[in-house]
Amino acid sequence: MASHYKSWDILVEDILSCTKCRLHMSRRKAVPGDGKRDAEIMLIGEAPGATEDELGLPFVGAAGKLLDSVLEDIGLKRSDLYITNVVKCRPPNNRQPARDEIESCSLYLESQILMIRPKVIVTLGSVAGEWVASRMGIRWLGVTRMRGNIYRGDMLGIKISLIPTYHPAAILRNKGNMEDLKADLRIAVEELARIKGSKRSSEEKEEKKGGKKTLLDYMKL
Ligand code: URA
């Protein structure tokens, strides 16, 4: 297997000129991803749509507008996140990406995750949910059954909290699930706060331990 990328510049260049699968023949622009390259929360969608294919940016079409409004509602800034897709080129007619297309593209997303080292990953829809869950050794049971929960585990040697949720395009078709999408993004924010809080308290414990001298310490002096 090819090794993971260590350089953003080379990764982006390779995605933009990629010909590893048939999707390169119909794409206008490949869409590597956008946002903070050391984001603590990463959002992963399925594949670019028509507007993304035209502009080379993720989630800038109708589904992206809906996502933006939900992020704003819960006080999350898009610029604080990293947003990308499992597949970097638009499948014709917005069909689901095929298994071999997902496989050809996987090295890019794995490399992005390894370079960003996010603490929380929110997957939008079943393609992204299944992609992340399978790499964490978690059985994927579909968005409806898995959303609303946090799956803590390990991916590529990084501790990850996975929060699966609906794809914003599915919300466009069924507005009834909008509150669930918001609730799941709130879970992501709370999970990040919990992770950072528990890291702080374990550091404080270490400090306290370090500050307290034992008899052994005095004997060593
Ligand atoms: N749908 C996705 O999954 N990703 C995008 O970037 C846009 C729409």
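Order of listing sets the numbers, starting from 1, for every ligand and every atom in it.
- At a threshold of 4.5 Å between non-hydrogen side-chain atoms, the residues Trp131 and Thr123 do not count as touching.
- In terms of protein heavy-atom proximity, atom 4 (N) of ligand 1 is nearest to Asn85 OD1, 2.7 Å.
- Of all the heavy atoms of Glu46, the ones lying under 4.0 Å from any atom of ligand 1 are found in both the backbone and the side chain.
- Heavy-atom distances between Gly64 and ligand 1 stay at or above 4.0 Å for every pair.
- A side-chain contact (heavy atoms from CB on, under 4.5 Å) with Leu109 is found for exactly one of Val87, Val132, Val86, Ile102, namely Val86.
- The aromatic ring centres of Phe59 and His167 sit less than 6.0 Å apart.
- For Trp8 and Tyr82, the ring centers sit closer than 6.0 Å to each other.
- Taking any N or O of Phe59, backbone or side chain, at least one lies under 3.5 Å from an N or O belonging to ligand 1.
- Below 4.0 Å from some heavy atom of Gly45 lie the following atoms of ligand 1, by number and element: 3 (O).
- Residues Pro118 and Ile41 fail the side-chain proximity criterion, which asks for heavy atoms closer than 4.5 Å.
- Heavy-atom contacts of His167 reach the following atoms of ligand 1: 1 (N), 2 (C), 3 (O) (cutoff under 4.0 Å).
- In this structure, Arg99 pairs ionically with Glu130, as a charged nitrogen and a carboxylate oxygen lie closer than 4.0 Å.
- Closest to atom 2 (C) of ligand 1 among all protein heavy atoms lies Ala47 O, 2.9 Å.
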